[in-house]
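What follows is one structure encoded as structure tokens, with my remarks underneath.
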Amino acid sequence: MSIVVTGATGALGRLVVDALLATVPAGEVVAVVRDKEKAAALAARGVELRIADYDRPESLAGAFRSGDRVLLISGSEVGKRVAQHTAVIDAAKAAGVAQLAYTGVLGGPDADFTLADEHKATEQLILGSGLPYTFLRNGWYTENYTDNLAPVLEHRAVLANAGEGRIASATRADYAAAAAAVLTGDGHLNTAYELSGDTAWSLTEYAALLSELTGEEIPYKNVPAAAHQEVLVGAGLPEGFAAILVDVDEAIGRGRLAGTSGDLARLIGRPTTPLAETVRAALPAA
């Protein structure tokens, strides 16, 4: 039996492998990757590599073994993910894996925004497969904001159309630790976890925190959805992806990413990473 992580060279996948290697021997960990060279650092740590591509179902035939515990990290290509995930699920079922964990979205079937559609469809496919599952319904990543600080600092404004909606975010490392916990522990089969940070915050509070830490006046500017869409497209985002982000902001305004179930902290055995800690680490050195 191996613990298999798909998408293991991605931002979340690498952190999951890190968390696993802190718990189990490297010989028990398998990374499913598209690019062997990109995964050389994982191989150097003793992780087995299996080369496969979500877009080539035939390549997935050798990705899994009977009894494996598998983490399906959702694909990053919105619009293609149902077909990609179907290929992984089919290969996992054919191999007879013991667990298929999936990184979905907070709220699961109740999530009512466009970005959730493919996640909901994937959960239904997994349920239909009959495989023992664990649904890791991840909330918003704090890095969705801190990785994009440059334009905020340049223009001295946090721009969104989320109103005063609150966001119970956590870091990728927090979510990765939860994935490692369910892949190495017992009692997680046929269970769905609503994963989010311990504390929900508003963009007004986020802007105030940035102002405090930088010594600059950085207000939150709540704008109409159409205006935000125009700004994002003007900044170079594809129109379709910009529309998805605007739609997520609308969902935030409705409270869809504000839930604080406590599942994440319970799984990782510690409080989730505070917003201020992540923001402070992301700010450029003075």
Side-chain angles (χ1 to χ4, degrees), residues 6-7 9-15 34-35 38 53-55 72-88 102-123 125 136-155 157-163 165-172 175-176 195-196 202-203 206-207 220-258 278-279 282:
T6 72
T9 56
L12 179 61
R14 284 186 178 274
L15 291 171
R34 286 185 296 184
D35 187 335
K38 191 175 178 182
D53 188 331
Y54 288 175
D55 288 322
L72 167 55
I73 293 181
S74 57
S76 59
E77 298 172 279
V78 177
K80 297 177 65 175
R81 294 191 285 188
V82 173
Q84 292 173 335
H85 297 168
T86 296
V88 175
Y102 173 68
T103 60
V105 69
L106 190 68
D110 296 326
D112 61 354
F113 44 97
T114 304
L115 191 62
D117 290 348
E118 290 172 304
H119 292 300
K120 293 191 288 187
T122 299
E123 285 195 2
L125 289 167
L136 300 166
R137 293 173 176 163
N138 289 351
W140 218 223
Y141 298 152
T142 305
E143 290 92 343
N144 290 341
Y145 296 98
T146 58
D147 284 354
N148 295 287
L149 275 175
V152 172
L153 299 177
E154 179 185 353
H155 298 291
V158 174
L159 189 72
N161 58 284
R166 305 187 75 79
I167 306 154
S169 71
T171 63
R172 287 193 185 96
Y175 293 115
L195 303 181
S196 59
S202 70
L203 288 171
Y206 175 61
Y220 166 44
K221 296 183 178 180
N222 184 57
V223 298
H228 192 199
Q229 167 92 4
E230 186 175 338
V231 168
L232 292 174
V233 172
L237 289 184
E239 190 167 338
F241 187 60
I244 286 171
L245 295 181
V246 168
D247 184 60
V248 169
D249 269 8
E250 295 280 300
I252 290 171
R254 297 193 301 274
R256 293 305 191 187
L257 292 177
T278 309
V279 172

Which is it for Thr142 and Ile167 under the side-chain contact (heavy atoms from CB on, under 4.5 Å) test, yes or no, and what are the steps along the way?
CA-CA 9 Å; Thr142 305; Ile167 306 154; over 6 Å; no
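- When atom types are taken as modelled, the side chain of Lys221 and the backbone of Val158 share no donor-acceptor pair closer than 3.5 angstrom.
- Of all the heavy atoms in Arg137 and Pro109, the pair that sits closest is NH2-CD, 3.4 Å.
- Taking the side chain as every heavy atom from C-beta outward, Leu232 and Val246 approach each other to under 4.5 Å.
- Under the 30°/60° scheme for interplanar angles, the aromatic rings of Tyr54 and His85 are found to stand perpendicular.
- Side chain of Tyr220 to backbone of Gly163: a donor-acceptor contact under 3.5 angstrom is found.
- Closest of all the heavy-atom pairs between Glu118 and Lys80 is OE2-N, 3.4 Å.
- The two residues His228 and Ala160 make their nearest non-hydrogen contact at CE1-CA, 3.7 Å.
- For the pair Tyr145/Val152, no side-chain contact is recorded, criterion being any heavy-atom separation below 4.5 Å from C-beta on.
- Here the closest heavy-atom approach between residue Glu143 and residue Ala170 is recorded as OE1-O, 4.0 Å.
- Contact detail for His119 and Ser74: the closest heavy-atom pair is CE1-OG, 3.5 Å.
- No side-chain heavy atom of Thr103 sits under 4.5 Å from any side-chain heavy atom of Leu72.
- With hydrogens and angles disregarded, no donor-acceptor distance shorter than 3.5 Å links the side chain of Asp53 to the backbone of Arg34.
- For the side chain to side chain donor-acceptor pair (under 3.5 Å) with Arg172, the qualifying choice from Asn138, Asp147, Asn144, Thr278 is Asp147, the only one to do so.
- Residues passing the ring-ring contact (aromatic ring centres under 6.0 Å, His included) test with Tyr141, sequence neighbours excluded: Tyr175.
- Under the 3.5 Å distance criterion, the side-chain polar atoms of Gln229 are matched with a main-chain donor or acceptor of Glu239.
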Checking Val82 against Leu125 for the side-chain contact (heavy atoms from CB on, under 4.5 Å) test, could you report, in this order, the C-alpha distance in whole Å, the side-chain angles of both residues, the deciding distance, and whether it holds?
CA-CA 9 Å; Val82 173; Leu125 289 167; 4.0 Å; yes
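- Put simply, CD1 on Ile73 and CG on Leu136 are 10.0 Å apart, with the number rounded to the nearest 0.5 Å.
- Residues Asp35 and Thr9 fail the side-chain proximity criterion, which asks for heavy atoms closer than 4.5 Å.
- Closest heavy-atom contact between Thr146 and Ala282: CB-CB, 3.7 Å.
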Please test Phe113 against Ile252 for side-chain contact (heavy atoms from CB on, under 4.5 Å), starting from the C-alpha separation and ending with a verdict.
CA-CA 10 Å; Phe113 44 97; Ile252 290 171; over 6 Å; no
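- Of the possible polar contacts, one joining the Asp249 side chain to the Asn161 backbone as a donor-acceptor pair under 3.5 Å is found.
- In this structure, the side chains of Val248 and Leu257 come closer than 4.5 Å at one or more pairs of heavy atoms.
- In this structure the side chain of Val223 reaches within 4.5 angstrom of the side chain of Leu159, judged on heavy atoms.
- The distance from the CZ atom of Arg81 to the OG1 atom of Thr86 is 13.0 Å, given to the nearest 0.5 Å.
- More than 12 heavy atoms of other residues, nucleotides or ligands sit less than 6.0 Å from atom CD of Glu77.
- Going from atom OG1 of Thr6 over to atom CD of Gln84 covers 10.5 Å, rounded to the nearest 0.5 Å.
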